[in-house]
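In what follows, a structure is listed as structure tokens, so that the remarks can point back to it.
Fair warning: this is a prediction, and the values are worked out from it, not measured in the lab. Heavy atoms only: backbone and side chains are in, while hydrogens, waters and symmetry mates are out.
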Amino acid sequence: GRVRVASSPTLSANLMPECIARCRQEHPGLDLLLLDRIQHDALASVLSGEVDFGVVIDPAQRDDLYAEAILSEPFCLVCPPAHRLARRRSVRWNALAGEPLVLLDHASGSRRLIDEALRDQGVQAPVVQEVGHVTTIFRMLDAGLGISVVPTLALPPAGLQGLAVRPLTPRVERSIVLVRRANRALAPVAQLAWDLVRSVAAERAGEHA
């Protein structure tokens, strides 16, 4: 009854704990073990068979993986409360032009999507710091080093103290997917865990609908 799951950092922190707790409640004989890894390493562990499946940001088309989308969530702006953009109820992407950006580095599955959104919206802004964890981003914003674009799921459940969060328009989303090796069925116990993660994600999506 042991299932190993690889997960990207923001999902490890903000989706998987609830999945593991639910698993203990509903399937006490099922031991769900989490490997918290950057996107590239999470995908590699799925392909190598080190884990049964992964919970990651949509990696785009890959013939060696079967992917099932379970949740979509928008990116948002995070900035110091005294920043001019904090006075707005929502912020257009093009308002970020010229602002110093503190972003997740390219090991994150989200960075490609953030770069694409900035490019699609014609935003030219200097990236002054690239870091591996959103908590580091928040501390840098506290220190006045810039503003940031982060996935909504990366925000602490209790909210951010001392920083402003604003929706970005037009809405740009990232897709959270379950991935496993293509052309290979999951063992029944792993399928049980897969279905449970899908169910928790569906409930989360309903809360934010």
Side-chain angles (χ1 to χ4, degrees), residues 1-24 26-27 29-75 103-120 127 130-137 149-154 172-205:
R2 175 169 291 184
V3 178
R4 297 168 68 87
V5 180
S7 176
S8 298
T10 56
L11 305 177
S12 296
N14 297 296
L15 176 64
M16 292 309 297
E18 183 178 352
C19 295
I20 295 170
R22 184 77 64 83
C23 188
R24 287 182 177 178
E26 299 181 4
H27 309 288
L30 176 60
D31 192 10
L32 190 58
L33 298 178
L34 178 67
L35 277 69
D36 179 19
R37 297 189 169 173
I38 61 173
Q39 173 100 352
H40 176 273
D41 292 347
L43 293 173
S45 64
V46 172
L47 291 171
S48 71
E50 181 184 5
V51 299
D52 294 281
F53 63 89
V55 187
V56 298
I57 316 309
D58 189 353
Q61 184 62 39
R62 290 187 58 139
D63 293 336
D64 47 4
L65 288 172
Y66 168 79
E68 178 182 336
I70 57 170
L71 183 65
S72 291
E73 49 148 356
F75 290 101
L103 297 179
L104 290 165
D105 61 29
H106 287 88
S108 164
S110 295
R111 179 59 187 275
R112 170 180 60 87
L113 302 174
I114 293 170
D115 286 347
E116 288 177 0
L118 292 168
R119 184 169 57 251
D120 291 346
V127 179
E130 299 176 294
V131 300
H133 298 281
V134 290
T135 50
T136 309
I137 289 178
V149 175
V150 302
T152 304
L153 202 60
V172 175
E173 297 185 334
R174 71 172 186 173
S175 182
I176 311 303
V177 298
L178 296 171
V179 291
R180 59 172 170 78
R181 284 179 288 178
N183 304 317
R184 185 169 301 196
L186 292 173
V189 68
Q191 184 66 52
L192 196 64
W194 175 291
D195 294 342
L196 184 143
V197 175
R198 180 207 290 139
S199 176
V200 171
E203 292 174 12
R204 185 73 65 90

Count the heavy atoms belonging to other residues, nucleotides or ligands that lie under 6.0 Å from NE2 of His27, then report whether that count exceeds 12.
yes
Measure across Leu11 and Pro17 and return the closest heavy-atom pair with its distance rounded to 0.1 Å.
O-CD, 4.3 Å
With side chains defined as the heavy atoms from C-beta onward, is the minimum distance between Val55 and Met16 less than 4.5 Å?
yes
Pairing residues for Arg2 by the salt bridge (Lys or Arg N to Asp or Glu O under 4.0 Å) criterion, not counting sequence neighbours:
Asp31
Please enumerate all residues that pass side-chain hydrogen bond (donor to acceptor under 3.5 Å, both in side chains) together with Asp64, with sequence neighbours excluded.
Arg62
To the nearest 0.5 Å, what is the distance between CG on Leu71 and CD on Glu203?
12.0 Å
List the atom pairs, donor and acceptor, that lie under 3.5 Å between side-chain atoms in residues 177-191 and the rest of the protein, sequence neighbours left out.
unit_1: Arg180; atom_1: NH1; unit_2: Arg184; atom_2: O; d: 3.1
unit_1: Gln191; atom_1: NE2; unit_2: Asp195; atom_2: OD1; d: 2.9

Could I get the full list of side-chain contact (heavy atoms from CB on, under 4.5 Å) partners for Ala44, not counting sequence neighbours?
none
For Gly109 versus Ile57, what's the shortest heavy-atom pair and its separation?
O-CG2, 3.8 Å
Sub-4.5 Å side-chain heavy-atom contact between Pro59 and Gln39:
yes
Roughly how far, to the nearest 0.5 Å, is the CG atom of Leu65 from the CG atom of Leu47?
4.5 Å
Taking side-chain contact (heavy atoms from CB on, under 4.5 Å) as the definition, give me every residue that meets it alongside Ala13, ordered by chain and number, with sequence neighbours left out.
none
Going by heavy atoms in the side chains, are Ile137 and Leu104 under 4.5 Å from each other?
yes
Do Arg174 and Thr10 have side chains that approach each other closer than 4.5 Å (heavy atoms only, starting at C-beta)?
yes
Heavy-atom distance under 4.5 Å between the side chains of Val149 and Ile114, does that happen here?
yes
Heavy-atom pair with the smallest gap, counting every atom of Ile176 and Glu73:
CD1-OE2, 4.0 Å
Could you list all the side-chain hydrogen bond (donor to acceptor under 3.5 Å, both in side chains) pairs where at least one residue sits in residues 48-59, not counting sequence neighbours?
Arg37-Glu50
So Leu33 and Val5, side chain to side chain contact (heavy atoms under 4.5 Å, CB included) or not? Walk me through it.
CA-CA 6 Å; Leu33 298 178; Val5 180; over 6 Å; no
Got a sec, which residues hit side-chain contact (heavy atoms from CB on, under 4.5 Å) with Val200, two or more places apart in sequence or on another chain?
Leu15, Glu18, Cys19, Arg22, Leu196
Can you list everything that forms a side-chain hydrogen bond (donor to acceptor under 3.5 Å, both in side chains) with Asp115? Sequence neighbours excluded, please.
His106, Arg111
Taking only residues two or more places apart in sequence, or in another chain, which ones meet Ser12 in a side-chain hydrogen bond (donor to acceptor under 3.5 Å, both in side chains)?
Ser7, Asp36
Can you name the nearest heavy-atom pair linking Phe75 to Ser110, along with the distance?
CE2-CB, 4.0 Å
Going by heavy atoms in the side chains, are Asp120 and Leu118 under 4.5 Å from each other?
no
Could you check whether any side-chain N or O of Ser72 sits under 3.5 Å from a backbone N or O of Glu173, counting only pairs where one atom can act as donor and the other as acceptor?
no
Only counting residues at least two apart or in another chain, list the ones meeting side-chain hydrogen bond (donor to acceptor under 3.5 Å, both in side chains) with Ser108.
none
Please state whether the rings of Trp194 and Phe53 are parallel, tilted or perpendicular, taking 30° and 60° as the class boundaries.
perpendicular
Just jot down the side-chain contact (heavy atoms from CB on, under 4.5 Å) partners of Ile38, sequence neighbours excluded, or say none.
Asp41, Ala107
